[in-house]
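Keep in mind it's a predicted model, so treat the numbers as computed, not measured. Throughout, a chain's letter reflects where its sequence line sits, starting with A, and its residues are numbered from 1.
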2 protein chains.
Amino acid sequence: MIKPRSRRGGGRPTIADVARKAGVGAITVSRALREPERVSEELRRQIQAAVDELGYVPDPNARALASARAEVFGVLVPSLTNNVFAEVVRGIYDSLSASPFRIQLGNTHYSGLEEERLLQVFGSQRPAALIVAGIDQTPASRKLLESAGCPVVQVMETGPDPVDMMVGFSHFDGGRTATEHLIEAGYRRIGFIGARMDPRSQRRLAGYRAAMEAAGLFDPRLVTTTPVPSSVSLGREMLRDALAKVPTLDGVFCNNDDIALGVLFECHRASIAVPKTIGIVGFNDLDMMQVAFPSITSIRTHRYEIGRRAVAMALAAIAGNRPEQRIVDLGFELKRRESTAR
Amino acid sequence: MIKPRSRRGGGRPTIADVARKAGVGAITVSRALREPERVSEELRRQIQAAVDELGYVPDPNARALASARAEVFGVLVPSLTNNVFAEVVRGIYDSLSASPFRIQLGNTHYSGLEEERLLQVFGSQRPAALIVAGIDQTPASRKLLESAGCPVVQVMETGPDPVDMMVGFSHFDGGRTATEHLIEAGYRRIGFIGARMDPRSQRRLAGYRAAMEAAGLFDPRLVTTTPVPSSVSLGREMLRDALAKVPTLDGVFCNNDDIALGVLFECHRASIAVPKTIGIVGFNDLDMMQVAFPSITSIRTHRYEIGRRAVAMALAAIAGNRPEQRIVDLGFELKRRESTAR
DNA sequence: CGACGTCATGGTAGCGCTACCAATTGCCCA
DNA sequence: TGGGCAATTGGTAGCGCTACCATGACGTCG
């Protein structure tokens, strides 16, 4: 009666224990758990009873090793605290909570090198799918993604040449739409204020520039950027900088809503009338934008939906029916509010 | 020359390939990778060369199965988008990025049942450590934590009777301090406004109540709460509700900074002077609090540091030297600002 | 100088599970 | 009535790695 099993395993029940108790083969237990329809109802019940009684939980590591495939979604985002990515991640979590898939979340800190490192780590687990933010992977990262042997979804942006699938929208169009709105509202000396100029912000800036040039209004001195991470306090400082350069500034398109909020507060503080003297447009449309006083015009992006859609596409691909539309553009929406209503 | 290995493995190099190429035993490769000091320098070099040439990456699943221990930290938080938890998680990620440990992040949605389910899932992986938010686990969850067989750190709060270790601060004291500050500043009809009344919010409310009662100012009508998730727009609505109940309200202690910001905006909109007519105190001290106009008094909490400290303690326990101080109180700080300076 | 550690290395036997290939049964159709 | 086929179940052989024990080759010390 010496149980040799006691050596390493923490004594937790294994599939063999369940099989013994249910009076069936181990493989049948395995099947009953993964493909119940292939096991007769009678055995299924016996096995379930044994599972419940023993409190058996399959070991995901053994499972992954034996099947050469882990039930894990690898997710790579550049920031965990930026509300935008937090929402995408939330969408991913919510879509996956009812599935057997676990989530492996990586934070690249906006670094291509860190992204490569994490892709290496994640890849070594043979994940079921990979979801990565952005479309500007380094060549090495791209190669890792292509050879991952699983569905890959690039999120947040759309663009040509996906590794596999894409869900997002055009940041260029977003920037252009925001700027055109300011122009139409009658603003002329419209500045761009942007922090942490990642590739998406660069494209928003390009959209801004296109709109300004089309209207014959572009002036490089209107553009104020910094590589520093974005924050509300930074928005305040940057408006000051922008006004120091161009005192006649009468509008700003902000990189994101944190910056926009900082700009609004600085306007209050400096008694600059919004929208009369300066018009403000943000980006992403956080909840607080419509509550602010005055409420702030912003480009609403569908972040949560991006996360959900990415999972749906990956799941479909795993199930064998890859979506026909490999690039999904979820668009955005201009929310006109008081901050540009002059 | 038939490689039987081609059957399931994706053809990736294994430890046996490395061993063959380096002309040593597989176990020596394993050791060279995990405990380099136990292998002679010469072999170490040969092995490293073989690893580099083959592009060998250890399979974490096989490793976990063989050693009955996964290099994974399980982390459970109630929300991914709430900045407070995002910061804690960021601290955890930053502290672990240089280590071999991966992170398994779970979102409980403030649900005890979901926490149990996730604990079950996480436990089945035999994680190296578990970090969970809060101290109010269900009895079932507590049992799971106690039998996890790894270090456990409860974060965000301190309290008696830790499962294993704790890092946080007293929300009761925070609530009391905030309220006492308002009282000292001369406010009398001080309301409490709180959304999503999770256990931590309940304790802040208890602190508020203690302070108000001690000053002989407590009145149940001053308390406005809702189970709805917190948001800036909710803060606005709740101030309206509170004023409808108690028109003479002259101060509010808000559950958190989002609510406080909503309250501030509503004051602007309704032309209520802050801090003159109403004083406002928030909780957590988000970056925007000091930028707001007027700037908002808040209780600064050390969220990022909580994450870092939790990891440090878990890592120490894993290494065999459990910290003597099993309960670490990181405290908080009252940041006095314009919103209460009357 | 022989017994006894210590160090470096290797072999063996699993960890818990599933892919792959039987084996058995019952049923349908020619 | 026999062959074929689907449905159900099981055995065997790993997946890639490490725990455990064994083996030599050296010193070291009484």
Short N-O contact, [X] and [Y], less than 4.0 angstrom:
X        : Y        : value
A:Arg117 : A:Glu114 : yes
A:Asp161 : A:Arg142 : yes
B:Glu157 : B:Arg200 : yes
A:Arg102 : A:Glu71  : no

Counting only heavy atoms not in [X], do more than 12 sit closer than 6.0 Å to its [atom1] atom?
X       : atom1 : value
B:Glu41 : CD    : no
A:Glu35 : CD    : yes
A:Arg69 : CZ    : yes

* Asked: For residues 47-56 of chain B, which residues have at least one heavy atom under 4.0 Å from DNA chain D?
  ->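 Close to the strand are B:Tyr56.
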Side chain of [X] only, heavy atoms from C-beta on: which candidate in [options] is closest?
X       : options                : answer
B:Ala62 : C:dC17, D:dC17, D:dT18 : D:dC17
B:Leu65 : D:dG16, C:dT18, D:dT18 : D:dG16
B:Arg34 : D:dG16, D:dG14, D:dA19 : D:dA19

* Asked: Closer than 4.0 Å, any side-chain N/O of B:Ser30 to the OP1 or OP2 of D:dC17?
  ->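 No, because none of the side-chain N or O atoms of B:Ser30 sits under 4.0 Å from OP1 or OP2 of D:dC17.
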Specify the separation, in whole Å, of atom [atom1] of [X] and atom [atom2] of [N].
X        : N      : atom1 : atom2 : answer
B:Gln125 : C:dG16 : CD    : C1'   : 14 Å
B:Asp59  : C:dC17 : CG    : C1'   : 13 Å
B:Leu33  : D:dC17 : CG    : P     : 9 Å
B:Arg126 : C:dC17 : CZ    : P     : 9 Å
B:Arg12  : D:dC15 : CZ    : C1'   : 11 Å

* In terms of side-chain heavy atoms, does A:Arg34 have a donor or acceptor partner in A:Ser30 at a distance below 3.5 Å? ->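 Yes, a side-chain donor-acceptor pair sits under 3.5 Å.
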Nucleotides 7-12 of chain C: which of its N/O atoms have a protein N/O under 3.5 Å away?
{"residue": "C:dT9", "atom": "OP1", "partner": "B:Ser40", "partner atom": "OG", "Å": "2.9"}
{"residue": "C:dT9", "atom": "OP2", "partner": "B:Ser40", "partner atom": "N", "Å": "2.8"}
{"residue": "C:dT9", "atom": "OP2", "partner": "B:Ser40", "partner atom": "OG", "Å": "3.4"}
{"residue": "C:dG10", "atom": "OP2", "partner": "B:Gly25", "partner atom": "N", "Å": "3.0"}
{"residue": "C:dG10", "atom": "OP2", "partner": "B:Thr28", "partner atom": "OG1", "Å": "2.4"}
{"residue": "C:dG10", "atom": "N7", "partner": "B:Arg31", "partner atom": "NH2", "Å": "3.0"}

* Mapping B:Asn61 and B:Glu35 onto DNA chain D by nearest heavy atom, which one lands closer to the 5' end? ->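 Per heavy-atom nearest nucleotide, the more 5' residue is B:Asn61.
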* Asked: Got a second to check how far A:Thr28's OG1 is from A:Ile47's CD1, nearest 0.5 Å?
  ->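 Here the interatomic distance stands at 6.0 Å.
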